[in-house]
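In what follows, a single structure is set out as structure tokens and then discussed.
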Amino acid sequence: MPRLRSHSTTWICILTVAIGVRLALGVWWQARLGPEKQFFFGDSQTYWVLGQAIARGDPYEYQSPDRRVFRTPGYPLMLAGLFRVFGDDMPVTAARALSAALGGLAVGIVGWWSTLLFDARAGRIAGWIAALYPGAVSMGAFVLSEAPFCPFMLLQLVCWTMAWRSASSRHATLWAAGGGVAAAVATLVRPSWLPFTAFAIAIALVLDSHRRRQLLIGAAMAAGLIVAMLPWWIRNAQVTGRFVATSLQAGASLYDGLNPSADGSSNMTFVPEFAAAEHTAEPAADPAGGERDTFEYRLDRRMHGAAVEWANANPDRVAQLAWIKFVRIWNVWPNDSAFRSWPLRLAVFFTYTPLLILGLVGIWRFSPRGWPYVLAWLPAVYLTLLHMAFVGSIRYREPAMLALTVLAAGVLAGYGRKGSALDEARA
């Protein structure tokens with residue numbers, strides 16, 4: 001009993017520190033912006049406006065009926081709950097507090113997963129790392145989708161771990177279905193996560209010898225994902241007359257990464273030019289005799305087509321950009337000039353680099369132990385490949401760093417390549 005009480009006390013401390021440092025950074029950041037400026041990132045304003053619209057019961061659109069599938073509703077729904085409490089004049093610090101709490105939840109899940117894969121000591125080590133690692137702390141201070149995304153991303157991976165280790169097919173199916181629902185929520189927060197489940201299932205069928213079990217888990221997870229996504233898919237079909245899996249920003253995001261002036265960073269100044277061109281174009285009639293496509297859908301297709309056309313004509317530049325984006329994602333210090341003071345550079349370098357090295361050592365040591373350990377580095381591979389096509393930023397690596405923290409904690413806890421009795425029995 002004293003040992004259990006000590007363990008609980010430790011975790012109370014970890015979570016208190018995790019939420020506290022994120023909230024403190026959020027308050028400091030808001031004070032740094034000043035009263036005239038609510039947000040530093042443009043994305044924050046879009047989530048804010050859509051959250052207000054949901055809370056008021058207004059149509060779900062961003063500033064215009066031509067932007068009704070502009071953002072998936074996951075994060076705006078969370079903000080809408082706060083607007084219901086605080087009203088339209090909600091202080092930005094309330095949203096930052098929500099990010100801090102969600103960041104604390106992610107820390108708790110990292111510790112849970114590490115305990116499952118190793119032991120309670122490794123779980124505590126992972127918890128402290130995730131609580132204090134600056135990249136993770138920053139995600140819990142901004143009004144951005146990373147804070148709500150990370151807990152659900154991690155929850156999917158934990159559910160997959162539990163499904164893989166379950167002794168019965170029934171329990172495996174239930175855990176997998178729950179992981180699919182978590183994947184759907186993560187997707188509704190960050191649309192780029194949608195292909196991950198299919199990507200991971202394909203990798204599992206190649207790397208894991210238990211293919212029948214992975215097929216069962218994959219089918220149940222896909223079912224949970226589809227069921228949870230259905231309301232959004234139905235709504236999009238009603239709005240656009242088309243199947244839209246996530247949002248109608250994929251074309252703009254792809255052109256952002258693949259265009260004549262692309263340099264690996266994000267610069268969406270081209271959107272008004274494309275919108276003007278689409279406004280003057282005559283929309284093609286539906287050959288089936290139905291209604292014409294919505295402006296929002298046509299604009300997305302126009303930018304997507306332009307990106308693909310340019311990429312096909314410039315394969316050498318596409319390959320060069322892919323490398324530039326890779327470096328931007330895994331850079332040892334910030335890319336943005338606004339965050340490149342030497343104290344900040346050194347802070348990022350001396351915290352990120354050791355964690356990355358420990359994570360890489362963990363990949364080498366623990367991957368032979370089975371699928372749950374592979375899951376811990378798959379987000380890094382997936383997000384890297386994704387953003388080598390779109391745009392690169394250290395912001396996009398931070399969710400993957402939380403998963404790598406699990407392996408890093410195993411290294412620090414003194415584990416070697418030999419698996420536990422449970423893992424050996426499953427092999």
Side-chain angles (χ1 to χ4, degrees), residues 1-22 101-133 135-137 140 150-167 171-172 174-175 178-179 182 351 354-379 399-427:
M1 183 66 75
R3 186 174 179 179
L4 179 61
R5 187 178 299 115
S6 174
H7 180 72
S8 300
T9 301
T10 300
W11 269 104
I12 290 172
C13 291
I14 291 172
L15 295 177
T16 300
V17 169
I19 295 172
V21 295
R22 285 158 174 77
L102 291 166
L105 178 59
V107 170
I109 296 174
V110 166
W112 176 27
W113 194 14
S114 302
T115 302
L116 288 173
L117 296 188
F118 301 106
D119 60 14
R121 179 170 179 265
R124 291 192 294 271
I125 292 171
W128 279 119
I129 294 173
L132 297 171
Y133 168 58
V137 172
C150 286
F152 292 101
M153 176 202 80
L154 292 165
L155 185 59
Q156 179 188 9
L157 303 177
V158 172
C159 287
W160 208 327
T161 298
M162 295 298 293
W164 190 87
R165 287 185 165 183
S166 293
H171 289 159
L174 290 173
W175 277 111
T351 54
L355 181 56
L356 178 63
I357 292 171
L358 287 168
L360 293 173
V361 172
I363 292 172
W364 171 70
R365 282 190 182 179
F366 306 128
S367 293
R369 294 176 64 169
W371 177 248
Y373 303 88
V374 174
L375 272 175
W377 54 261
L378 269 190
M401 290 300 295
L402 283 175
L404 288 177
T405 296
V406 174
L407 300 179
V411 175
L412 291 174
Y415 278 81
R417 281 181 291 177
K418 187 176 179 180
S420 68
L422 178 58
D423 294 320
E424 290 172 354
R426 181 69 67 195

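Quick note: numbers below take in every heavy atom, side chains included, and nothing from hydrogens, waters or symmetry partners.
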Could you state the interatomic distance from CD1 (Ile14) to OG1 (Thr9), rounded to the nearest 0.5 Å?
11.0 Å
Assess the residue pair Leu355 and Leu404 against the criterion (side-chain contact (heavy atoms from CB on, under 4.5 Å)); give the C-alpha distance rounded to whole Å, side-chain angles, the decisive distance to 0.1 Å, and a yes or no.
CA-CA 8 Å; Leu355 181 56; Leu404 288 177; 6.0 Å; no
What are the two closest non-hydrogen atoms of Ala106 and Leu402, and how far apart are they?
CB-CD1, 4.3 Å
On a heavy-atom basis, the closest approach of Pro379 and Ala400 is C-CB, 4.0 Å
Minimum heavy-atom distance between Ala18 and Gly104, given as atom pair plus value:
CB-CA, 4.4 Å
Test applied, side chain to side chain donor-acceptor pair (under 3.5 Å); reference residue, Thr161; option that passes from Trp175, Trp371, Trp113
Trp113
State, yes or no, whether a side-chain contact exists between Leu157 and Val406 at a heavy-atom distance under 4.5 Å.
no
Less than 4.5 Å apart, side chain to side chain, heavy atoms only: is that true for Met162 and Leu116?
yes
Closest approach of Ala130 and Ala136, non-hydrogen atoms and distance?
O-CB, 3.6 Å
On a heavy-atom basis, the closest approach of Ala122 and Ala413 is CB-CB, 3.8 Å
Donor-acceptor pair, Tyr373 side chain versus Arg365 backbone, under 3.5 Å?
no
Nearest-0.5 Å distance, OH of residue Tyr133 to OG1 of residue Thr351:
6.0 Å
Quick check against the 3.5 Å criterion: does Arg124 have a side-chain atom that pairs as donor or acceptor with the backbone of Thr115?
no
Kindly compute the distance separating OG (Ser367) from CG (Leu375), expressed to the nearest 0.5 Å.
10.5 Å
For the residue pair Val137 and Ala131, what are the closest heavy atoms and their distance?
CG2-O, 3.4 Å
Is there a side-chain contact (heavy atoms from CB on, under 4.5 Å) between Trp128 and Thr405 once you walk through the steps?
CA-CA 10 Å; Trp128 279 119; Thr405 296; over 6 Å; no
Report yes if some heavy atom in the side chain of Leu358 is under 4.5 Å from a heavy atom in the side chain of Val361; otherwise report no.
no
Side chains of Phe152 and Ile109: closer than 4.5 Å at any heavy-atom pair?
no
Separation between CG (Leu412) and CG (Leu407), nearest 0.5 Å, reads 11.0 Å
Nearest 0.5 Å, please: how far is CZ in Arg121 from OG1 in Thr10?
12.5 Å
Starting at CH2 of Trp164, measure out to OG of Ser166 and round the result to the nearest 0.5 Å.
11.0 Å
